[in-house]
Amino acid sequence: MAVSHLFVQNCAGPLMIALQYNDLFDLLSISTSTNTDALPKGRAFTFIKAVQTVNERLVDQNKTESLLFEVILIAKECSEEIKMKIVESVKHYGIPAALLYDQADHHVLNQLKVIFSGDVIGFSEDSLDSLSDFGFGETQIETFKAAKICVKEFAVLIGQMRRRFGHENSPLCTCVLSVWGSRNICATALKTLREWGLDVDEVYCLAGAPCSPILAVVKPHILWDGGLHNMRDSSAPS
Amino acid sequence: MKGQDPMPNTCPPASNGDSKASWEDSKDIHENTGATKKPKSPKPENAVTIAVSSRVLFRTEKEQMVFEQQGIEEYLRYQVEHENEPFAPGPAFPFVKALETVNTQLRELYPESEELFDIVLVTYNHAHVGVRLINTINYHNLFIERFCMTGGTSPIGYLKAWHTNLYLSADTEKVQEALAEGIAAATMFMSDKQIEVSETQLRVAFDGDAVLFSDESERIFKAHGLDKFFEHERENENTLLDHGPLKSFLELLGKLQKKFYAKGHRLDCPIRTYLVTARSAASSGIRALKTLRAWGLETDEALFLAGAPKGPMLEKIRPHIYFDDQMFHVEGAAEMGAIAAHVPYGIAQKYPHKKNTKTSK
């Protein structure tokens, strides 16, 4: 499912993704693991492999491509022993994606799936009415506004990257998911993203239906909603 | 041959840069001026969810041809270029409109209830077509707030996520996949002739064998002929037939009908159901009726044709949708201008009807 601790910074060249090491490797099961070569895979593992696939395809097309994903691992407050294990494990898992699989999730590794929130992007002063039907208060409305500004940078870069590939067999798949907004809010989101240079591949409009069953089928790696995922699955956020 | 309505004068032309203003405007123009607010969509598990694909809700033959002849890139470019031209109504359109009519009346009688029809657009079309589809929904003033455009991957997984009770598509393979998952489903086709249907009453007609009931008796007929079939049905008159793929949908319609009866609308109920079977009333039809009764189900009318062609009867009934497992009957219905949907289930798919054999059962 979605990675919750994801920070994206806009730099001139690569699209930087910072991950905590304990999302990439599962350190809690170290003591029970008999494998002394590498740390067991954590929940963000398949995500990183999918990112790797996108990079490989971008470089395939253009050897001097600068718009790539770059992943940095944040590892603070861990022992030297763990640090060594992390370095070894990164080397160890540097194998083509097809060999590695997160058993629990069965994520597809040859495609990175990114979802943008249709509610955030399609949000306008006029859509306030329908959002308050779902119990959103003033502070939450302010959050929508702030989130929309944040997501634009990321959407622009993803849009550029997406255009390196055709409509079929793309290693990068982009979606819009609108949980609360009406179909017209969703349409506004699609048009806004297009203005920003991103024509998404898939779109889902739930109009208040619970989103976990749908997300379980969509299986995204990144869900960009400006932190609103905590309000998911409730028609009236508390 | 496909009628594509140009945008009426009341709609503002929307150019590509002008996103927000034109969407807000068209929303204002097309919403009911009488209504204060759009009602909220019911929770999927409470509603009778009908999933329709874009190709049966609207007419997309031209675009389909672009896709088949020129490939996906050109197809998507074409769709975006024609974004402000709404699609014309497709074969499932009258059915969807009739469902909305029922909803309006249900809401009046039971304002707090979520036991309503909920229509979801489920299509493997690409999100590039999304804007045009939403535009079309607005243009026709349909109440469809939920959709899944999966950009090429199979939509079947989403049917379960939406608690789908009936799936209508132009693609027989997808329909078969849905049937295999236990979801009532049927394929619809566009025909050139279309007789007028009621705007005040939803009419749903069902074939018996391999639609409401299993195909067990049809198997006997196909394997051993008419006489054996009669014998078998007589001997098993008091044994219930097994259920078919559309039984659950009839059941749901029955539940909604009872809500109207409870408020004194038995005679003018806005939902009417029909059994249209080749079985005959005096003999093989008895087993069908006994089975329905044992299930606690009924249809408002049961028409036993004893092998006569179904077209003229359907022309009289004018259903918004008629479900049959045999393409022969679906085509016959279409020739008369009746709206028919094919349920690709059972033995008839392996041994399609031959025109010169007798069909009386």
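Chain naming here is simple, since letters A, B, ... match the order of the sequence lines and numbering starts at 1 in each. A quick note: this is a predicted structure, and the numbers were derived from the prediction, not measured.
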Heavy-atom pairs under 4.5 Å with chain B are the metric here; pick the option from A:Glu168, A:Arg183, A:Glu202 that has the most. A:Arg183
In the structure I gave you, are the side-chain heavy atoms of B:Glu145 and A:Ser182 within less than 4.5 Å of one another anywhere? yes
side-chain contact (heavy atoms from CB on, under 4.5 Å) between B:Met149 and A:Asp201, worked out: CA-CA 8 Å; B:Met149 294 174 205; A:Asp201 302 289; over 6 Å; no
If you compare all heavy atoms of A:Val200 against all heavy atoms of B:His126, which two are closest, and at what distance to 0.1 Å? O-CE1, 3.5 Å
Where on A:Val218 is there a heavy atom nearer than 4.5 Å to chain B: the side chain, the backbone, both, or neither? both
Just wondering, more than 12 heavy atoms not from B:Lys97 lying within 6.0 Å of its NZ? yes
Report, by ascending residue number, the residues of residues 156-163 of chain B in heavy-atom contact with chain A at a distance under 4.5 Å; give 'none' if the set is empty. B:Gly157, B:Tyr158, B:Ala161, B:Trp162
Which atoms form the tightest heavy-atom contact between B:Ile134 and A:Ala187, and what is the distance? CD1-CB, 3.7 Å
Answer whether the closest heavy-atom distance between the side chains of A:Arg194 and B:His128 falls below 4.5 Å. no
Which pair of non-hydrogen atoms, one from B:Ala127 and one from A:Leu190, has the smallest distance, and what is that distance? O-CD1, 4.3 Å
Is it true that atom CD of A:Gln61 has more than 12 heavy atoms of other residues, nucleotides or ligands lying nearer than 6.0 Å? yes
Taking the side chain as every heavy atom from C-beta outward, state whether A:Pro213 and B:Pro44 have any pair of such atoms under 4.5 Å apart. no
For the CG atom on A:Asn169, are there more than 12 heavy atoms of other groups (residues, nucleotides or ligands in this structure) within a distance under 6.0 Å? no
Taking CD in B:Glu173 as the centre, count heavy atoms belonging to other residues, nucleotides or ligands within less than 6.0 Å. Is the count above 12? no
Within this structure, what is the SG-CG distance for the pair B:Cys148 and A:Leu177, rounded to the nearest 0.5 Å? 9.5 Å
Grab the two heavy atoms, one from B:Ile72 and one from A:His167, that are nearest each other, plus how far apart they are. CD1-CB, 4.3 Å
For B:Ile137, which atoms come within 4.5 Å of any heavy atom of chain A: side chain, backbone, both, or neither? both
